[in-house]
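A single structure is presented below for examination.
Just so we're on the same page: letters track the sequence lines, and every chain starts at 1. The model shown is predicted, which means the values in this text are computed figures rather than measured ones.
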Number of protein chains: 2
Amino acid sequence: MDSDHDSPFGYDAFRRTCPSHTVLEMLASKWVYLVVCALRKGRLRNGELARKLEGITPKMLAQTLRVLERDGLVRREVFPVIPPRVEYELTELGQNLGGLLTQIRAWAEQHAPVIKDARARAIAVSEGDWAA
Amino acid sequence: MDSDHDSPFGYDAFRRTCPSHTVLEMLASKWVYLVVCALRKGRLRNGELARKLEGITPKMLAQTLRVLERDGLVRREVFPVIPPRVEYELTELGQNLGGLLTQIRAWAEQHAPVIKDARARAIAVSEGDWAA
DNA sequence: CGGCATCCCAGTCGATACTG
DNA sequence: CAGTATCGACTGGGATGCCG
């Protein structure tokens, strides 16, 4: 046992070539976070998502959804009507992940003030280098 | 209460201008994930981190650590000796986050096989358009 | 309305080499 | 050993326009 870390699944995200590493890369996107969180409370249409995720461009939204669909986290349903109607919802796997990501989001919202202060202090210090 | 989502802290990560949104952006990095996870079991030297995080370059490691330090998640301690010795450890806040990120990493490792299959299937389908 | 294609800038990352 | 500087490749991601 020369691996000093506690991965009980035989996969090791610290290794570049491990599949779990690429999964982590996929998750390391703020839009993935937000889309999954947004879909957590139920299926949404493309436009609803676009409105909910302030600042997302159609391109990024589509791109993010395609990735999530590809990885089996989101299911896409197309209604053959005019005007077109497309709905997205989390799969079982996506729901599962959504629980965790929502915790991260909650953590971010909860600690945002402290971190904002820390950043302000860091800037103040770096600007105070004149005290050298 | 026209906000339809459940943020009990007055911060809303869905809003571009909300501080929690920038916190989420900071967290949306695979190296942040891995560095925090790596430091979770105790303080480590720069070189130890570099060896543990396969594939990270000195530049990215330093950059990531600087961000984490700036945001108050990591504490940096310098020993004035030759050769230089620098150690990093999680702050209280960092420990707190580390718990969550470790869950994400565990999730990634746990579901890597399924997602790998989903990706393979997605590729197979897209290449199988000839079946139209 | 949903979403794909194109163009293009700008930030980011990796590789390498260098300094204290 | 820790960290920085430089450069080049890459791509994330914004804007626009067109199609079903």
Open item on the list: Tell me whether A:Glu89 is salt-bridged to A:Arg76, with the criterion being a basic N under 4.0 Å from an acidic carboxylate O.
Closed with: no
- [ ] Round to the nearest Å and state the distance from B:Asn46 atom CG to D:dT4 atom C1'.
- [x] 12 Å
Open item on the list: Is B:Arg45 close enough to D:dA2 that one of its side-chain N or O atoms is under 4.0 Å from OP1 or OP2 there?
Closed with: yes
Open item on the list: Less than 4.0 angstrom from a charged side-chain N to a carboxylate O is my criterion; do B:Arg43 and B:Glu87 meet it?
Closed with: yes
Task: Distance in angstrom units between B:Glu87 CD and D:dC1 P, rounded - done: 14 Å
Task: Closest heavy-atom pair and its distance - A:Tyr33, B:Leu27 - done: OH-O, 4.1 Å
Open item on the list: Rounding to an integer number of Å, can you tell me how far A:Leu44 CG sits from C:dC1 P?
Closed with: 16 Å
Open item on the list: Within the 4.0 Å heavy-atom criterion, would you say A:Tyr88 contacts the bases, only the backbone, or no part of the nucleic acid?
Closed with: sugar-phosphate
Task: Heavy-atom pair with the smallest gap, counting every atom of B:Lys30 and A:Ala28 - done: N-CB, 3.4 Å
- [ ] List the protein contact pattern of nucleotides 6-20 of chain C with one symbol per nucleotide (5' to 3'): B for base contact, S for sugar-phosphate-only contact, - for none; contact means a heavy-atom distance under 4.0 Å.
- [x] -B-----BBB----B
- [ ] Could you grab the distance from atom CG of B:Leu65 to atom CG of B:Leu61, nearest 0.5 Å is fine?
- [x] 4.5 Å
Open item on the list: With a cut-off of less than 4.0 Å, is there a side-chain N or O of A:Arg85 near OP1 or OP2 of C:dG3?
Closed with: no
Task: Atom pair distance, as rounded to whole Å: CG in B:Leu53 and P in D:dA2 - done: 14 Å
TODO: Compare side-chain N and O positions of B:Arg66 against OP1 and OP2 of D:dG3 and report whether any pair is under 4.0 Å apart.
DONE: no
Open item on the list: To the closest 0.5 Å, what do you measure between CZ (A:Arg75) and CG (A:Leu68)?
Closed with: 13.0 Å
- [ ] Figure out the CG/P separation between A:Leu61 and C:dC1, and round it to whole Å.
- [x] 14 Å
TODO: May I have the distance from B:Glu25 (atom CD) to D:dG13 (atom P), rounded to whole angstrom?
DONE: 9 Å
Task: Whole-Å gap separating P (D:dG12) and CE (A:Met26) - done: 14 Å
Open item on the list: Please tell me whether A:Arg15 and A:Ser20 have a donor and an acceptor in their side chains that are separated by less than 3.5 angstrom.
Closed with: no
Task: Sidechain N-carboxylate O distance under 4.0 Å for B:Glu109, B:Arg105 - done: yes
Open item on the list: Using five base pairs at each end to define the local axes, how bent is the helix from C:dC1-D:dG20 to C:dG20-D:dC1, to the nearest 10°?
Closed with: 40°
- [ ] Identify the two heavy atoms, one from A:Leu90 and one from A:Arg40, that lie closest to each other, and give their separation to 0.1 Å.
- [x] CD1-CA, 3.8 Å
